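Notes follow once the structure below has been shown.
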Amino acid sequence: QVQLVESGGGLVQPWGSLRLSCAASGSIFMINTMGWYRQAPGKQRELVATITSLGSANYASSVKGRFTISRDNTKSTVYLQMNTLKPEDTAIYYCYYAGQGRYWGQGTQVTVSS
């Protein structure tokens, strides 16, 4: 079992920034992928960004150039730096881990509004 604890969500004005963190604990497999998905009201959950344990990152086209994903393998933690936030980025952001199994965090709300 893997537990994921997210932090860093909140309310921010358009063009602002937020940083999300997700710490994994439990049976962490050395080779894994961590990342973030999001789900806006009335929409399906969608990929935001993922990063492998070797540092290879993948981004949704809608966030490329604005969001940066990174990780600290010594802390089993993944980060999502979100800049130039737009109202359409408003969603619940879910941390994701894939190793020997797939796990989700409980989600953290990000609201972009003036």
Side-chain angles (χ1 to χ4, degrees):
Q1 288 286 336
V2 173
Q3 294 77 43
L4 302 172
V5 178
E6 301 139 330
S7 61
L11 173 65
V12 63
Q13 293 187 340
W15 299 96
S17 298
L18 277 177
R19 188 191 194 211
L20 305 182
S21 300
C22 174
S25 61
S27 301
I28 306 298
F29 192 58
M30 190 167 58
I31 299 175
N32 62 69
T33 296
M34 295 185 71
W36 297 90
Y37 284 68
R38 68 187 181 187
Q39 188 167 18
K43 295 188 177 182
Q44 291 188 328
R45 191 174 297 189
E46 63 177 5
L47 167 75
V48 176
T50 60
I51 185 168
T52 70
S53 48
L54 297 180
S56 177
N58 178 50
Y59 295 92
S61 57
S62 60
V63 307
K64 200 172 291 186
R66 300 188 297 124
F67 292 8
T68 302
I69 192 168
S70 60
R71 62 186 290 164
D72 183 340
N73 289 334
T74 65
K75 298 179 180 180
S76 298
T77 299
V78 64
Y79 306 96
L80 185 69
Q81 178 65 44
M82 305 184 292
N83 297 329
T84 319
L85 282 160
K86 305 175 182 180
E88 51 263 43
D89 294 316
T90 295
I92 299 174
Y93 285 68
Y94 294 93
C95 182
Y96 168 80
Y97 169 95
Q100 289 181 305
R102 296 186 179 188
Y103 299 87
W104 295 93
Q106 291 191 327
T108 185
Q109 177 71 47
V110 172
T111 302
V112 184
S113 175
S114 56

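Computed from a predicted model, the values in this text were never measured in an experiment.
- Cluster annotation: I51 is not connected to Y94 through the hydrophobic network of ILVMFWY side chains, with a link wherever side-chain heavy atoms come within less than 4.5 Å.
- If you take CD on Q81 and CG on L18, they are separated by 8.5 Å, rounding to the nearest 0.5 Å.
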Could you list the donor-acceptor pairs under 3.5 angstrom formed by side chains in residues 1-13, with sequence neighbours left out?
{"unit_1": "E6", "atom_1": "OE1", "unit_2": "Q106", "atom_2": "N", "d": "3.2"}
{"unit_1": "E6", "atom_1": "OE1", "unit_2": "G107", "atom_2": "N", "d": "2.6"}
{"unit_1": "E6", "atom_1": "OE2", "unit_2": "C95", "atom_2": "N", "d": "2.6"}
{"unit_1": "E6", "atom_1": "OE2", "unit_2": "G107", "atom_2": "N", "d": "3.3"}

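- Partners of T52 under the side chain to side chain contact (heavy atoms under 4.5 Å, CB included) rule, at least two apart in sequence or in another chain, are T33, L54, S56.
- What you find for A98 and R102 is that their closest heavy atoms are CB-CG, 4.2 Å.
- Atom CE in M34 sits 11.5 Å away from atom OG1 in T50 (nearest 0.5 Å).
- For R19, there are no salt bridge (Lys or Arg N to Asp or Glu O under 4.0 Å) partners two or more places apart in sequence or in a different chain.
- Side chains of C22 and W36 form a contact here, defined as non-hydrogen atoms less than 4.5 Å apart.
- The stretch residues 54-82 participates, sequence neighbours left out, in no ring pair (Phe, Tyr, Trp, His ring centres under 6.0 Å) pair at all.
- In the hydrophobic clustering of ILVMFWY residues, with side-chain heavy atoms under 4.5 Å counting as a link, I69 and V48 come out together.
- Put simply, the side chain of M82 does not reach to within 4.5 Å of the side chain of D89, judged on heavy atoms.
- Rounding to the nearest 0.5 angstrom, the gap separating the CG atom in N32 from the CG atom in N73 is 7.0 Å.
- Taken to the nearest 0.5 Å, the CG atom of L80 stands 11.0 Å off from the OG1 atom of T108.
- I92 and Y103 are members of different hydrophobic clusters when ILVMFWY side chains are connected at heavy-atom separations under 4.5 Å.
- M30 is not listed as a side-chain neighbour of S53, based on a closest heavy-atom distance of 4.5 Å or more.
- Listed by chain and number, the residues in a ring pair (Phe, Tyr, Trp, His ring centres under 6.0 Å) with Y96 are Y37, W104 (sequence neighbours excluded).
- Scanning both residues, Q39 and K43, for their nearest heavy atoms gives NE2-O, 3.1 Å.
- For Y93, the side-chain hydrogen bond (donor to acceptor under 3.5 Å, both in side chains) test picks out R38, with sequence neighbours left out.
- The minimum heavy-atom distance between P14 and S113, with the atom names listed, is CD-C, 3.6 Å.
- Looking at Q109 and T90, their side chains come closer than 4.5 Å, going by heavy atoms from C-beta outward.
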